[in-house]
Structures are given as structure tokens and as C-alpha cells.
Q: 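Take a look at the following structure, please.
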Protein chains: 2
Amino acid sequence: MTIEQEFFNQYRLMYRPFINKLNVQLEPYQLYSSQWAVLRFLKDKGPHSFVDIANFMSIEKPSVTKLVHKLLELGYVETMAGKDKREKLVHLSAYGEELVQEIKSHLKPFFEHALAGVAQQDIEIATQVFARIYMNINQ
Amino acid sequence: MTIEQEFFNQYRLMYRPFINKLNVQLEPYQLYSSQWAVLRFLKDKGPHSFVDIANFMSIEKPSVTKLVHKLLELGYVETMAGKDKREKLVHLSAYGEELVQEIKSHLKPFFEHALAGVAQQDIEIATQVFARIYMNINQ
DNA sequence: TTATATTAGTTAGCCTAGCTAACTATAAAC
DNA sequence: GTTTATAGTTAGCTAGGCTAACTAATATAA
């Protein structure tokens, strides 16, 4: 087994336990990890269109429609007019802003526990590896 | 944003593009990445029961039933009697053995391309980080 | 030794988180 | 002014899981 194969084996093996545990953490907020990813994107990058969200998350437009409509129902986000009559910009509501802050605090110990015993430098190295793979894979 | 949050953001962001590209690579063999994970497990660790597969992959027994039955249909695996009349051991068929070898060779350049420009040492560090998280998360 | 509890695998039916195809409304390009 | 492209939606599909409830076989305890 090459180290590349081993890397991707371990990468994938970790995915489901991680997502399952994350979803448990998010349950009090009526959120799944995919919806949380949208909120985090809006928090970090500000208001963006449905297409922007699709591109950022590497998913298709109809998937974004579903995610955002659920977040609208929950009152966590709102839409406003975009640069023309077709485009709609999604942004966090006042309530959503508060909630995202709260969730971030709530998740902090979970993430720290997950990475317990890992050197800060190694976390940074691994993070850069992800970014590089993302780039390589999308040419 | 803490480095822990950034780590998990990047981790998740990479997942879908990676799995989608991997599934394209596996298409000629009529396999999806989850089915491939089962074959790889059987190749690496030898014949195992449905419960063993469930534990290893962190999924439930009914999910294993579906995956293995698909692999049986394709003729890639076979079952044999286990240590008692309840248990069934799954193992690669002769054809499956050959195929797994072929797929591994086929995937090699894909993995190398994905990790192009990443130092061997950093790949190893990241792999160990995954293993540690897996351990931390499952107590 | 029987009654009870546990374990291995299956079936049915559900959910998340995506997808494609086809559509409407609007905008851009020719 | 017609064609082409873009933003978002709808309908209906799939992968890849899940829980609940079941059967058959085994282990435990009275």
C-alpha cells in the first residue's frame, strides 16, 4: 500500500464518525452539517448568490435551493435583491448572526477534543494539504 | 477563526470533489466509492463478517447488507460459513482479487495527481492526524 | 433444562445530501 | 430583434446512509 492510498483510506475512514458527531452537536440548533456549512460561508464571506454558494461548496444549484430554503424557514438567513432582477443575495439575519456566533462557541470544545494531542503545526500542515488537493483535483 | 475550525472547514470542503472524482475513476468497474471501500477492506484484512465490516466502516448492519449484496451480484465477493451458523464471512472471489489489484493500479496515478506537490512527510503527518481524530472521536 | 437475553444477518421504509433534466424570467451578445 | 447565456426553481431520481422490527442461532442464568 502506497502512502497516498493510505492517506485517502484514513481520510475517508474518519469522515462518517466525524460528520455523525458534528450533527449531534448541531441538533439543538435544528441544523445538519451541510446547512451549517452554508451559514459558515455567509458568516465568513458575507452575502452571496445561490450560484456563489453552489460554486464554493462544489454542489449544484438545486441542492443550494433546498439548503437555503430550509435556512429561510428557520429564519437564520434572508434574501435581498442582487445586481440584477435574476440574482438573489443570501445573507444572515440578525438572529442568524447571533446564532452562528453561539454555534461557533458551542463547537469549539468539540473540535479541540477531536484534535487533542495533535501539534498545532501538524494541524496547519494537514490544512494546507487539503487546500492543495482541492486545487489539484479541480485542475 | 481558530486553526481547528479552519482544519475541519478545509477537510469538509475537499470531500465532495474528491469523492466525485473517485467515483468517475471507479465507473469502469461498476463500483461506487463505498463499495470500493469494502473491497479494499477485504483485500487488506482478509475474510470478515458483516458485523466486522460494519464496525470497520462505522456504518450499521443493514447498510453492509446492501453493499455486500451488490458486490455479490457483481461476482466480486463470495460468502462462506463463519464460526457458527449465524455468521457469514465475506471474502474476495478469484475474479475480485484480480480486479482489486487492477483497480489499485488504475487509481495510483489519480491519487498521485491529487497529492502532487505535497511532501511525502506532510502526507504522513496528515495521515496520522486522521488516525488520531478517529481515535479521539470514538473516545 | 428450560426460559431469557444476546448476536448475526435481513427486510421495510425512512432520511440527508446530493444529482440531472427541464422549466421561467431576465440579461447579454450578435 | 433574435439567439444565447445566466439565476433560480421544480420534479423526480440516486447514493449512502439510518432505525425499527424481524428470524435464526447462540449464550447465559434460574
Side-chain angles (χ1 to χ4, degrees), chain A residues 12-27 29-39 41 47-74 77-90, chain B residues 12-27 29-39 41 47-74 77-90:
Chain A
R12 198 176 191 287
L13 214 53
M14 190 196 110
Y15 185 77
R16 187 139 302 272
F18 167 67
I19 291 291
N20 287 345
K21 298 293 199 295
L22 178 56
N23 281 333
V24 171
Q25 296 295 316
L26 292 172
E27 216 207 302
Y29 309 101
Q30 296 173 266
L31 287 172
Y32 289 104
S33 62
S34 55
Q35 297 156 356
W36 169 240
V38 175
L39 293 180
F41 171 67
H48 277 88
S49 70
F50 285 69
V51 166
D52 291 338
I53 297 172
N55 290 339
F56 178 76
M57 294 182 66
S58 307
I59 60 179
E60 299 301 319
K61 289 187 297 173
S63 308
V64 176
T65 298
K66 275 194 199 173
L67 287 173
V68 171
H69 284 199
K70 181 67 191 174
L71 294 174
L72 284 166
E73 255 180 55
L74 291 167
V77 304
E78 291 163 354
T79 58
M80 57 190 195
K83 64 175 183 291
D84 62 42
K85 285 185 182 173
R86 291 172 302 179
E87 197 183 69
K88 284 193 274 184
L89 295 182
V90 188
Chain B
R12 197 177 193 287
L13 214 55
M14 190 198 110
Y15 185 77
R16 188 136 301 273
F18 167 68
I19 290 293
N20 286 346
K21 298 290 199 296
L22 178 56
N23 280 334
V24 170
Q25 295 296 316
L26 293 172
E27 217 207 301
Y29 309 100
Q30 296 173 264
L31 287 172
Y32 289 104
S33 62
S34 55
Q35 296 156 356
W36 169 239
V38 176
L39 293 181
F41 171 66
H48 278 87
S49 70
F50 285 70
V51 166
D52 291 338
I53 296 173
N55 290 338
F56 178 77
M57 294 181 67
S58 307
I59 60 179
E60 298 301 319
K61 289 187 299 174
S63 308
V64 176
T65 299
K66 275 195 200 174
L67 287 172
V68 170
H69 284 199
K70 182 66 190 175
L71 294 173
L72 283 166
E73 255 180 54
L74 290 167
V77 304
E78 290 162 355
T79 57
M80 58 190 193
K83 66 175 179 293
D84 62 41
K85 283 186 183 172
R86 292 172 301 180
E87 196 183 69
K88 284 192 275 182
L89 295 181
V90 189

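Letters A, B, ... mirror the listed sequences (proteins, then strands); counts begin at 1. The figures here come from the full heavy-atom set of this structure, side chains too, leaving out hydrogens, waters and symmetry mates.
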Q: Checking contacts here: which listed nucleotide (D:dG16, D:dT19, C:dG9) is nearest the side-chain heavy atoms of B:Glu60?
A: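 Per side-chain heavy atoms of B:Glu60, the pick is D:dT19.
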Q: Out of curiosity, B:Thr65 OG1 to B:Lys70 NZ, how far, rounded to the nearest 0.5 Å?
A: 15.5 Å
Q: From C-beta outward on B:Pro62, which listed nucleotide comes closest to its side chain: C:dG9, D:dA20, D:dT9?
A: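 Of C:dG9, D:dA20, D:dT9, D:dA20 is nearest to the side chain of B:Pro62.
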Q: For the side chain of A:Tyr32, starting at C-beta, report the closest nucleotide among C:dA17, D:dT26, C:dA21.
A: C:dA17
Q: Give, for atom OG of B:Ser33 and atom CG of B:Leu22, the distance between the pair rounded to the nearest 0.5 Å.
A: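 It is 5.5 Å, given to the nearest 0.5 Å.
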Q: Atom CG of A:Leu26 and atom C1' of C:dA17: how far apart are they, to the nearest Å?
A: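 Rounding to the nearest Å, CG of A:Leu26 and C1' of C:dA17 are 15 Å apart.
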Q: Starting from the 5' end of DNA chain D, give me the residue, A:Asp52 or A:Arg12, whose nearest nucleotide shows up first.
A: A:Asp52
Q: Can you tell me the distance, in whole Å, between the CG atom of B:Asn20 and the P atom of D:dG16?
A: 10 Å
Q: Within the structure, does a side-chain N or O atom of A:Thr65 lie under 4.0 Å from either OP1 or OP2 of D:dG8?
A: no
Q: Please confirm whether the shortest side-chain N or O distance from A:Ser33 to OP1 or OP2 of C:dA17 is below 4.0 Å.
A: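 Yes, within the criterion.
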Q: So, OP1 or OP2 of D:dG17: does either fall under 4.0 Å of a side-chain N or O from A:Arg16?
A: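 It does, given that an N or O in the side chain of A:Arg16 lies less than 4.0 Å from OP1 or OP2 of D:dG17.
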Q: Could you check whether the side chain of B:Lys88 and the base of C:dG9 have a donor-acceptor pair of N or O atoms closer than 3.5 Å, going by distance alone?
A: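 It does not, because no donor-acceptor pair links the side chain of B:Lys88 to the base of C:dG9 below 3.5 Å.
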Q: Between atom NZ in B:Lys61 and atom C1' in D:dA24, what is the gap in whole Å?
A: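 Nearest whole value for this atom pair: 12 Å.
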Q: Between atom CD1 in A:Ile19 and atom P in D:dC18, what is the gap in whole Å?
A: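 Rounding to the nearest Å, CD1 of A:Ile19 and P of D:dC18 are 13 Å apart.
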Q: Does A:His69 make a side-chain N or O approach to OP1 or OP2 of D:dT9 shorter than 4.0 Å?
A: yes
Q: Is the phosphate of C:dA17, meaning OP1 or OP2, less than 4.0 Å from a side-chain N or O of A:Ser34?
A: yes
Q: Which whole-number value in Å describes the distance from B:Leu89 CG to C:dA8 P?
A: 12 Å
Q: Please pick, from D:dC13, D:dG17, D:dT19, the nucleotide with the shortest atom-to-atom distance to any side-chain atom of A:Lys66.
A: D:dC13
Q: Does D:dG16 have OP1 or OP2 sitting under 4.0 Å from an N or O in the side chain of B:Ser63?
A: no
Q: Counting only side-chain heavy atoms from C-beta out, which of C:dA27, C:dT10, D:dA7 sits nearest to A:Lys85?
A: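 Of the options given, the side chain of A:Lys85 lies nearest C:dA27.
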Q: Please determine, for the side chain of B:Val51, which listed nucleotide (D:dG8, D:dG17, C:dA8) has the closest atom?
A: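 Given the options D:dG8, D:dG17, C:dA8, the side chain of B:Val51 is closest to C:dA8.
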Q: Give me the ring orientation class for B:His48 and B:Phe41: parallel if the planes are under 30° apart, tilted from 30 to 60°, perpendicular past 60°.
A: tilted
Q: List the atom of A:Leu74, the atom of A:Gln30, and the distance in Å for their closest heavy-atom pair.
A: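 Closest heavy-atom pair between A:Leu74 and A:Gln30: CD1-O, 3.7 Å.
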Q: Which pair of heavy atoms, one from A:Ser58 and one from B:Arg16, lies closest together, and at what distance?
A: O-CG, 3.9 Å
Q: At their closest point, which heavy atom of A:Ser34 faces which heavy atom of A:Met57, and how far apart are they?
A: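 Result for this residue pair: O-CE, 3.8 Å.
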Q: Would you indicate what B:Thr79 reaches in the nucleic acid, counting non-hydrogen atoms under 4.0 angstrom: base, sugar-phosphate, or nothing?
A: nothing
Q: Rounded to whole angstrom units, what separation is found between the CG atom of A:Asp84 and the P atom of D:dA7?
A: 8 Å
Q: In whole Å, I'd like the distance from the CD atom of A:Glu87 to the C1' atom of D:dA5.
A: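 My rounded result for the distance is 15 Å.
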Q: What is the separation between atom NZ on B:Lys70 and atom P on D:dG17, rounded to the nearest whole Å?
A: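 Rounding to the nearest Å, NZ of B:Lys70 and P of D:dG17 are 16 Å apart.
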Q: Between the base of C:dT7 and the side chain of B:Arg86, is there any donor-acceptor pair under 3.5 Å?
A: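 Yes, a donor-acceptor pair under 3.5 Å.
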